[in-house]
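What follows is a set of notes on a single structure, which appears directly below.
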Amino acid sequence: MPELPEVESVRIGLAGHVLGRTIEGVCVYRPYSIRHTPGGAEEFQDELMGATFAEVARRGKFLWFILDAPEGTGRALALVVHLGMSGQLRVHSDTESGPGSHTRVRLTLGGASPMILDFVDQRTFGYMTVDELVLTTDGGPGGVGTQLPALPARAAHIARDLTDPLLDLAATAERMKSRRSPVKAVLLDQGMAAGVGNIYADEALWRARINGGTRADRIALPRLIALLEAGREVMTEALAQGGTSFDALYVNVNGESGYFSRSLNVYGRAGDPCPRCGEPIRREAFANRSSHFCPRCQRRK
DNA sequence: AGGTCGACCTTAGTGC
DNA sequence: TGCACTAA
DNA sequence: GTCGACC
């Protein structure tokens with residue numbers, strides 16, 4: 001499941017291939033995948049045809065391509081992508097090949113050597129849409145990959161990345177402390193700090209030795225700050241490793257490869273000994289999803 | 001206000 | 001082999 | 001992964 005490190009890997013990979021290219025073809029195989037576009041496939045095509053990719057930016061799990069419209073119609077637009085649970089963006093140059101069975105949208109990009117950008121999404125929870133850019137409330141850059149103090153309207157409620165130096169950890173910890181919900185839920189709240197998903201939330205909690213079910217307001221401020229720092233560390237390390245599993249012409253998110261199989265301490269390791277104390281890692285249901293933790297290092301308080 | 005649950009959708013894997 | 005259920 | 005409904 002793509003979280004901040006995975007989406008950032010995709011962003012970096014894409015930047016190297018699509019910047020400066022113009023969209024010459026738009027194929028929507030699955031209208032549901034562009035469901036957030038009010039005018040449907042027709043509007044989606046109209047707004048994209050002829051547009052050029054000026055920048056590729058990201059905030060949390062949102063990715064967007066800032067468009068240079070052919071006839072500057074005033075409003076700044078971006079092609080927004082959210083990968084959901086299983087989305088992938090793939091770039092390749094064989095314009096002859098047909099779309100795979102899970103390809104939902106295909107864009108043909110012009111240039112010296114034309115290329116294809118496929119949005120592949122098995123489960124379909126992800127989506128693509130064209131959205132208007134709105135100014136950031138703090139005046140800072142809208143996301144990683146752009147200097148513009150703007151981001152897509154539909155991502156405006158997302159906080160700055162947990163890994164963003166501009167995010168004030170102490171202030172964020174204070175906000176967390178005002179919540180009575182389980183700290184894991186607060187960590188997953190994209191309006192608090194963006195980019196943390198189920199996997200990295202479990203990893204951060206394990207590193208900080210905090211039980212995710214503990215009410216946030218019952219945790220001392222320094223521990224909340226430590227939790228945020230732990231999250232920042234895991235995601236930074238994951239990004240460093242995630243970069244290695246992608247090669248030039250194949251840009252994707254593969255939930256099983258690289259970082260996943262090796263470096264995770266608790267996620268997907270139910271029954272395995274805790275790397276710190278040897279106690280078997282436990283897996284429990286939490287808010288309709290699974291949580292992994294060490295019952296010894298992460299006692300409920 | 002918080003917490004739990006189901007919905008959204010597709011498919012690969014597991015077990016009887 | 002296939003259906004039912006689950007995890008992702 | 002995310003949203004909205006209901007207790």
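Chain identifiers are assigned alphabetically (A, B, ...) following the order of the sequence lines, protein sequences preceding nucleic acid strands; residue numbering begins at 1 within each chain.
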Could you work out the separation of [N] and [M] based on their [atom1] atoms and round it to a whole Å?
| N | M | atom1 | result |
| --- | --- | --- | --- |
| C:dT1 | B:dT10 | P | 26 Å |
| C:dA8 | B:dG3 | C1' | 23 Å |
| C:dC3 | B:dC8 | P | 24 Å |

Exercise for the section: Describe the nucleic acid contact of A:D121 in one word from base, sugar-phosphate, nothing, applying a heavy-atom distance below 4.0 Å. Expected result: nothing
Practice task
Please work out if A:R35 contacts a base, only the sugar-phosphate, or nothing of the nucleic acid, heavy-atom cut-off 4.0 Å.
Solution key: nothing
Practice task
Flag this pair as yes if the NZ/CZ of A:R11 is under 6.0 angstrom from the six-membered ring centre of A:W64 and inside a 45 degree cone about the axis; otherwise no.
Solution key: no
Polar atoms only, N or O, under 3.5 Å: list the protein pairs with nucleotides 5-7 of chain D and their distances.
none

Protein-nucleotides 2-6 of chain B N/O pairs closer than 3.5 Å?
| residue | atom | partner | partner atom | Å |
| --- | --- | --- | --- | --- |
| B:dG3 | OP2 | A:S181 | OG | 3.4 |
| B:dG6 | N7 | A:N288 | ND2 | 2.3 |

Problem - Ion pair check, A:E3 and A:K61, cut-off under 4.0 Å - result: no
Does a side-chain N or O from [X] land closer than 4.0 Å to OP1 or OP2 of [N], or not?
| X | N | result |
| --- | --- | --- |
| A:H102 | B:dT11 | yes |
| A:H82 | D:dG1 | no |
| A:R30 | B:dT10 | yes |

Handout entry: Per A:E3 side chain, nearest of listed nucleotides B:dC8, B:dT10, D:dG1
Key = D:dG1
Practice task
Ignoring the backbone of A:R289, work out which of D:dC3, C:dA8, D:dT2 is nearest its side chain.
Solution key: D:dT2
Exercise for the section: Fit a plane to each ring of A:Y127 and A:H82, take the angle between them on a 0 to 90° scale, and name the class: parallel (under 30°), tilted (30 to 60°) or perpendicular (over 60°). Expected result: parallel
Fill in the blank from the handout: When pairs are called at under 3.5 Å and a stem needs at least three consecutive Watson-Crick or G-U pairs, the stems of DNA chain B are B:2-8 with D:1-7, B:10-16 with C:2-8
